[in-house]
Number of protein chains: 2
Amino acid sequence: MSALLPAARLLLSPRCAAPRLLRPTSSAAATAVPQTAVLMLNMGGPARREDVHDFLLRLFSDTDIINLPMQNRLGPWIARRRTPAIQEKYAEIGGGSPILRWTNLQGELMCRRLDELSPDTAPHKHFVAFRYVHPLTEDALPEVVASGARRLVLFSQYPQYSCATTGSSINALHAYCRENPLPAELRLSVIDRWPTHPGLARSFAANIHAELAKLPADAREKVVLLFSAHSLPLRAVSRGDPYPAEVGATVQAVMAELGHAYPYRLVWQSKVGPLPWMEPATDAAIEAMAKRGHKHLMLVPISFVNEHIETLHELDIEYAKDLGEKTGASIYRVPAPNDHPEFIEALADIVKTHLESGEGVRPQLLMTCPMCTNPACYPAKRWVGETAGLR
Amino acid sequence: MSALLPAARLLLSPRCAAPRLLRPTSSAAATAVPQTAVLMLNMGGPARREDVHDFLLRLFSDTDIINLPMQNRLGPWIARRRTPAIQEKYAEIGGGSPILRWTNLQGELMCRRLDELSPDTAPHKHFVAFRYVHPLTEDALPEVVASGARRLVLFSQYPQYSCATTGSSINALHAYCRENPLPAELRLSVIDRWPTHPGLARSFAANIHAELAKLPADAREKVVLLFSAHSLPLRAVSRGDPYPAEVGATVQAVMAELGHAYPYRLVWQSKVGPLPWMEPATDAAIEAMAKRGHKHLMLVPISFVNEHIETLHELDIEYAKDLGEKTGASIYRVPAPNDHPEFIEALADIVKTHLESGEGVRPQLLMTCPMCTNPACYPAKRWVGETAGLR
């Protein structure tokens with residue numbers, strides 16, 4: 001474990017607030033030309049109130065995750081209409097999403113650890129490409145190129161692959177690179193999923209143990225773990241989106257770490273719109289279980305690696321607080337992996353193992369879903385297959 | 001690995017035919033009073049044409065898996081109506097289901113290995129309790145009691161738990177034991193699921209490697225693995241049935257064994273009735289993938305551990321043969337774990353680890369689904385909780 005990690009933790013404010021960034025160190029690695037760039041892919045969230053509209057506009061315009069009739073007109077209309085309510089939610093969690101600051105902190109700590117673990121590929125430097133707020137793909141890739149890095153690792157920050165998340169990021173990268181080809185000398189490779197990495201499971205288990213340790217013994221004996229993942233429209237699942245199966249795999253890996261010592265269920269949160277999504281829904285499950293006498297429920301956000309609106313508002317306020325009061329249940333919440341030392345170690349290990357393996361991209365990423373209906377997917381996958389690992 | 005295993009394999013006829021049973025050995029273990037009885041729970045299948053009707057009658061009468069209006073009249077009607085067509089399917093696979101013979105072979109080999117691995121709990125003896133054909137629960141439990149065993153391990157032969165499979169078996173055991181209590185001196189414990197046991201993953205991976213090795217190199221490079229599991233009504237999934245998540249976990253464990261070297265998808269087979277079930281369906285996925293140019297597909301039955309009608313007829317005849325001809329794709333089929341030495345070793349290891357741990361039943365089995373609607377579940381789970389490991 002890096003000696004820097006405990007110090008880094010001291011710089012952090014509590015869970016709900018965004019972490020402050022580490023100051024750059026004076027080490028050579030922080031200023032030298034990176035050999036290896038690690039591009040951390042995620043959806044992002046609006047850091048400030050005035051970013052909410054553009055965030056929603058990009059989200060509702062993304063045909064990889066939402067399909068609306070007349071989307072180029074209906075998308076902007078929905079974004080405008082929803083902006084005030086979403087701004088209100090962000091105001092309730094301190095004004096904005098902490099996802100960029102968490103990602104930057106994770107990236108910094110990961111790269112410091114990688115410099116120790118993998119000196120042959122050092123210096124390592126992280127970059128961030130979000131889908132719906134800056135830094136976007138078009139912000140990040142020129143920076144990577146300008147850095148002079150010789151290798152670029154696309155590292156999805158979603159442990160489980162979905163066409164709506166990692167798939168959308170890959171499609172955006174392809175769209176950008178079609179117009180702005182990467183330099184031929186930049187070697188590209190991809191880490192597209194890591195749902196059962198032991199370090200990921202260990203960091204969730206460590207956080208669960210820490211929350212359980214805060215409970216009195218009688219509550220701990222009665223607690224039910226509710227692993228809550230972002231839901232997905234059934235239409236996407238039926239096309240073959242691998243996400244639900246991979247989330248299930250993460251849950252099993254965490255429960256194995258916990259010695260299967262607690263009852264648990266996997267439930268699904270954050271449905272939007274009228275179509276059927278994966279169920280049971282987190283809120284409905286909380287209400288049903290409280291009614292059955294389960295009065296100690298512990299929410300574990302299993303599909304995101306840092307705090308964001310769906311943990312800080314939906315889990316903490318709408319469920320733990322509001323539904324807790326309504327149902328009389330005590331609802332606890334396990335933090336996202338954030339900067340847990342086990343998690344930083346996992347991130348570094350995933351990249352190190354990937355770099356050592358020499359792999360470009362795994363075959364699974366190159367295949368579309370059996371019933372794929374998105375015309376962007378196949379060309380993007382072909383581009384990845386032709387580009388990654390072959391430069 | 002037991003020295004008996006290679007010899008046992010020689011006694012077997014090819015995959016589609018049922019295995020012949022091993023002759024009892026002259027060892028003391030085979031005739032002595034067992035210390036540990038292992039009751040292997042599964043659904044079972046009709047071994048003979050004349051068993052088909054009663055099999056269907058029990059299946060369509062089981063309110064744990066099917067809910068029909070006026071089920072006590074509609075169930076028997078459907079069973080009668082479907083009998084000829086199902087008899088026809090069994091005729092096409094050699095006249096009957098091999099599931100009892102496979103289970104007995106697995107049980108014999110497992111117990112021999114257990115006698116070596118765990119002499120303190122020997123002799124071990126397997127028993128079989130099926131849900132829909134003899135030996136039923138009411139056949140098996142009196143035999144266990146009469147055997148003089150001091151411990152009874154309920155061992156679900158479904159690696160992944162579903163309310164429709166293991167749950168139904170537990171409910172049946174409870175219904176029987178309510179009327180016919182087990183002797184107080186018989187210590188009961190439960191192995192309810194093992195979706196990511198390394199030996200299970202290894203046996204699937206070994207079988208996949210063996211099938212791949214039969215292909216010419218160019219086919220092997222193009223092959224897509226289709227893990228096919230028995231589907232489930234979405235209604236059950238939405239209530240919180242843990243099955244889909246656990247099947248997803250098995251798939252990840254197998255792919256990790258295979259070094260993620262092949263593209264794959266998890267698809268769902270054997271839907272019946274008009275309601276929505278989990279998708280993508282295996283047949284629809286085969287057709288869609290063949291249309292996209294995937295002409296080498298390998299079916300892996302991931303939710304059953306021995307051959308049965310859904311592998312021998314649905315996968316081999318309806319999909320590999322008929323859909324293969326229709327789509328022009330070459331469709332290969334990986335055998336179920338059956339008597340693969342890695343699998344027998346896994347079965348023995350699961351029981352040995354369970355016996356060593358002293359565990360009665362894991363907390364997960366004792367909790368109903370959040371939206372459970374089956375009045376049999378909660379009392380059965382309470383009975384298990386009060387009985388298992390506490391005698």
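The sequence lines fix the lettering, A, B, ..., with proteins before strands; numbering per chain opens at 1.
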Legend entry - Part of B:Leu234 lying under 4.5 Å from any heavy atom of chain A: side chain
Legend entry - Residue B:Val251 versus chain A: region with a heavy atom under 4.5 Å: neither
Inset, instruction - Check whether any side-chain heavy atom of B:Arg292 lies under 4.5 Å from a side-chain heavy atom of A:Cys372, and answer yes or no. - result: yes
Legend entry - Side chain to side chain, A:His260 and B:Gln364, heavy atoms closer than 4.5 Å: no
Legend entry - Most contacts with chain A, counted as non-hydrogen pairs under 4.5 angstrom, among B:Asp241, B:Thr368, B:Leu225, B:Thr250: B:Thr368
Legend entry - Closest-packed option against chain B by number of heavy-atom pairs under 4.5 Å, given A:Pro370, A:Ala245, A:Ala288: A:Pro370
Legend entry - Minimum heavy-atom distance B:Ala285-A:Met371, with the two atoms named: N-CE, 3.5 Å
Legend entry - Residue pair B:Arg265 / A:Gly240: nearest heavy atoms and the distance that separates them: NE-O, 2.8 Å
Inset, instruction - Would you mind checking which part of B:Ser357 comes under 4.5 Å of any heavy atom in chain A, side chain (CB onward), backbone (N, CA, C, O), both or neither? - result: neither
Inset, instruction - Drop me the distance from B:Arg235's CZ to A:Glu279's CD, to the nearest 0.5 angstrom. - result: 12.5 Å
Legend entry - Residue part contacting chain B, namely of A:Val237, when any heavy atom lies under 4.5 Å: both
Legend entry - Residue selection (most heavy-atom pairs with chain B, distance under 4.5 Å) from A:Cys369, A:Ala281, A:Gly259: A:Cys369
Inset, instruction - With a 4.5 Å cut-off on heavy-atom pairs, point out which of A:Ala249, A:Pro195, A:Ser238 contacts chain B the most. - result: A:Ser238
Legend entry - Distance in Å, B:Met367 CE paired with A:Tyr264 OH, rounded so as to fall on 0.5 Å steps: 9.0 Å
Inset, instruction - Check whether A:Pro276 gets within reach of chain B through its side chain, its backbone, both or neither, counting any heavy atom under 4.5 Å. - result: neither
Legend entry - Max heavy-atom pair count under 4.5 Å with chain B, selected residue of A:Glu246, A:Arg362, A:Lys291: A:Arg362
Legend entry - Closest contact, heavy atoms only, B:Ala261 versus A:Pro363: O-CG, 3.3 Å
Inset, instruction - Let me know if A:Ala256 has heavy atoms under 4.5 Å from chain B in its side chain, its backbone, both or neither. - result: neither
Legend entry - B:Arg220 CZ: over 12 foreign heavy atoms closer than 6.0 Å: yes
Inset, instruction - Can you tell which part of A:Leu365 gets under 4.5 Å to a heavy atom of chain B, answering side chain, backbone, both or neither? - result: neither
